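Per chain, numbering begins at 1; letters A, B, ... match sequence-line order. Because only heavy atoms are used, hydrogens play no part in the values below, and waters and symmetry mates are left out as well, while side chains stay in. Bear in mind that the values here come from a model prediction, so they are computed numbers and not experimental data.
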Amino acid sequence: MPSTDSLTNKPYQMTTSEIQAFQTTFMAWYDVHRRELPWRLNQEPYRVWLSEIMLQQTQVQTVIPYYERFLATFPTVVDLAAAPEELLLKTWEGLGYYSRARNLQKAARQIVDDYQGQWPQTSVELEKLAGIGPYTAGAIASICFGEVVPAIDGNAFRVFSRLLKIDADIANPKNRQIFYDAILPLIPQDRPGDFNQAVMDFGSQVCTAKNPTVGETDLAPFFRSYQDGTLLDYPVKTKKQRPKPVALMAVIIQSPQGVLLQKRPSTGLLANLTTYPLVVPADILPEDEVLTPEEILTYIERYFQETYAITLQQLRPTNLKPVVHTFTHLKWTIELLQAELVADVDLAFFPGQWYSEDALQMVALPTVQKKLMARIKTN
DNA sequence: GACCCGTGGAG
DNA sequence: TCTCCAAGGGT
């Protein structure tokens, strides 16, 4: 049951004097413990925006080297708008959630083409840009333009659910408004950007998911859940489902021109990235039929013939241990197969090409592909 | 609203 | 090994 303020009868509120004291204490904590980060050098929208996109579902430590490299490669929004996709994805390689990179460029082109290179300055307008949702819009608007608006991310959910004992399920998007309404009156009018960044720093350094140390800070008296010993009961979050297991086969085909790699479709998992040809046996094998390994290979040969007009020679299993790679929602177990080709294969129907070692350096490879290559190299 | 979309670190 | 998490957004 939600805690209710006796004066206003609205849920999850503080009195005016409580708010004053909280703000003073919280911002004082921030002024002492504020982290120095590359994207805090100044408040240029391009730099702040890039950091916010990279930090989506990604830890600070992981982002920092990518951030520096990306800024060096694409110093301005104009450079980014004009970048070749291959270089864009290569710069993002390994960071994951690759649609972020494509949306980043889409938004850069919106800025250049639709906004004459001038950033919109409100969260409402910012949210119209590709890849910018409610959180990122709030973060940029408050940090760069001083708009008094919450930036509600995982840290904010955790900090304010514990502060105010908000027991609404944070996994339910419908409950976001409850947090918005609760946080908005807590934002100091003169420091909205600092406030939102203070939430990040406090949430990631003190009010952490595991082993929180709220009790060791001056903020402890304000945390209602800490006061009654229920800090770890918050936030309330329903469980996610487990990654679904999927069996795949990678077909490694060598030739004097290099190895055959396939560019994935422009939508869906690992969009536009490059891997060995990956076959999902479940998709090309007859259902409800027990097949021998030899028969399975025959089906794969037929699949390559019919789909790509490629004749595989000597398709065979390797003695390599399968590669296991887990995504958020999928768990791939990949068997490695080898094949030879007759000379002068026509790749007219194959979405890929032969890659030499040098050419491999230029193309964006997902981590699962790097794992597959490592498995081969170490044997 | 439910599902899709990566990766690396922590315990 | 397994589970959960980490500055979410798109469809």
Side-chain angles (χ1 to χ4, degrees), chain A residues 35 37-40 47-67 89 92-104 106-107 123 126-143 150-160 169-176 179 193 195-205 207-212 232 235 237-246 264-273 275 324-333 364-371:
Chain A
R35 287 176 294 181
L37 298 167
W39 43 89
R40 288 182 176 173
R47 295 176 57 95
V48 172
W49 167 60
L50 177 62
S51 75
E52 293 299 343
I53 301 299
M54 285 189 165
L55 286 162
Q56 288 169 7
Q57 302 293 288
T58 311
Q59 298 186 144
V60 166
Q61 191 176 349
T62 303
V63 164
I64 289 176
Y66 279 93
Y67 182 77
L89 288 176
W92 201 271
E93 179 186 278
L95 198 52
Y97 286 138
Y98 297 93
S99 69
R100 290 185 294 174
R102 288 180 290 117
N103 282 332
L104 205 56
K106 201 176 294 178
S123 56
L126 285 163
E127 229 179 298
K128 296 177 181 173
L129 298 172
I132 297 185
Y135 161 75
T136 306
I140 299 172
S142 62
I143 295 170
I152 310 173
D153 68 333
N155 286 307
F157 279 126
R158 193 168 57 254
V159 167
F160 293 105
D169 180 6
I170 67 170
N172 186 349
K174 201 174 55 179
N175 289 330
R176 187 192 141 77
F179 282 82
F195 177 85
N196 284 329
Q197 293 180 90
V199 175
M200 317 288 176
D201 285 6
F202 192 77
S204 58
Q205 298 183 95
C207 192
T208 48
K210 296 169 187 173
N211 306 319
L232 291 177
K237 186 181 186 181
T238 54
K239 280 193 173 180
K240 295 177 265 184
Q241 62 179 33
R242 302 273 63 76
K244 180 179 137 193
V246 178
R264 295 177 59 83
S266 60
T267 59
L269 185 64
L270 305 177
N272 289 346
L273 276 75
T275 67
V324 177
H325 185 79
T326 305
F327 300 96
T328 304
H329 56 302
L330 296 175
K331 180 178 180 178
W332 281 3
T333 301
L365 308 173
T367 295
V368 65
Q369 172 65 18
K370 298 204 165 191
K371 280 191 194 175

Determine the contact category for [X]: base if any of its heavy atoms lies under 4.0 Å from a base atom, sugar-phosphate if only primed atoms, P, OP1 or OP2 are that close, otherwise nothing.
X: A:Asn196; answer: nothing
X: A:Trp39; answer: base
X: A:Pro134; answer: sugar-phosphate
X: A:Val199; answer: nothing
X: A:Ala139; answer: nothing
X: A:Ala156; answer: nothing
X: A:Leu37; answer: base

Can you tell if the side chain of [X] reaches within under 4.5 Å of the side chain of [Y], non-hydrogen atoms only?
X: A:Asn175; Y: A:Ile170; answer: no
X: A:Leu55; Y: A:Trp39; answer: yes
X: A:Tyr67; Y: A:Leu37; answer: no

What's touching nucleotides 4-6 of chain B from the protein side, N or O pairs under 3.5 Å?
from	atom 1	to	atom 2	distance (Å)
B:dC5	OP1	A:Leu269	N	3.0
B:dC5	OP2	A:His329	NE2	2.5
B:dG6	OP1	A:Tyr97	N	3.4
B:dG6	OP1	A:Tyr98	N	2.8
B:dG6	OP2	A:Leu270	N	2.4
B:dG6	O4'	A:Tyr97	N	2.9
B:dG6	N7	A:Tyr97	OH	3.2
B:dG6	N7	A:Thr328	OG1	2.4
B:dG6	O6	A:Tyr97	OH	3.1
B:dG6	N1	A:Gln57	O	3.0
B:dG6	N2	A:Gln57	O	3.3
B:dG6	N2	A:Thr58	OG1	3.0

Original post:
Of all residues at least two apart in sequence or in a different chain, which pass the side-chain contact (heavy atoms from CB on, under 4.5 Å) check with A:Leu330?
Top reply: A:Lys244, A:Val246, A:Leu269, A:Phe327, A:Trp332
Quick check for you: among [options], whose closest atom lies nearest to any side-chain atom of [X]?
X: A:Arg40; options: C:dC4, B:dG9, C:dA7; result: C:dA7
X: A:Thr136; options: C:dC4, C:dG9, C:dA6; result: C:dG9
X: A:Tyr135; options: B:dG11, C:dA7, C:dG10; result: C:dA7

Original post:
Distance only, no hydrogens: is a donor on one side chain within 3.5 Å (strictly under) of an acceptor on the other, for A:Tyr135 and A:Glu52?
Top reply: yes
**OP:** Ignoring hydrogens and angles, state whether a donor on the side chain of A:Arg100 or A:Asn103 is under 3.5 Å from an acceptor on the partner side chain.
**Re:** no
Subject >> Worked verdict on A:Leu95 versus A:Thr62 for side chain to side chain contact (heavy atoms under 4.5 Å, CB included) >> reply: CA-CA 8 Å; A:Leu95 198 52; A:Thr62 303; 4.1 Å; yes
Original post:
Starting at the 5' end of DNA chain C, which residue's closest nucleotide do you reach first, A:Gly131 or A:Gln197?
Top reply: A:Gln197
Original post:
Which residue, A:Leu129 or A:Glu52, contacts DNA chain C at a nucleotide closer to its 5' end, judged by nearest heavy atom?
Top reply: A:Glu52
Original post:
In chain order, what residues pass the side chain to side chain donor-acceptor pair (under 3.5 Å) check against A:Gln57, with sequence neighbours excluded?
Top reply: none
So, is [X] near the phosphate of [N], with a side-chain N or O under 4.0 Å from OP1 or OP2?
X: A:Arg158; N: C:dA7; result: yes
X: A:Arg102; N: C:dG10; result: no
X: A:Lys237; N: C:dC5; result: yes

Subject >> Span that lies between the P atom of C:dT11 and that of B:dG6, in whole angstrom >> reply: 13 Å
**OP:** Using the C1' atom on both, measure B:dG1 against C:dG10 and round to a whole Å.
**Re:** 13 Å
Original post:
Between A:Lys174 and A:Gln61, who's closer to the 5' end of DNA chain B by nearest nucleotide?
Top reply: A:Lys174
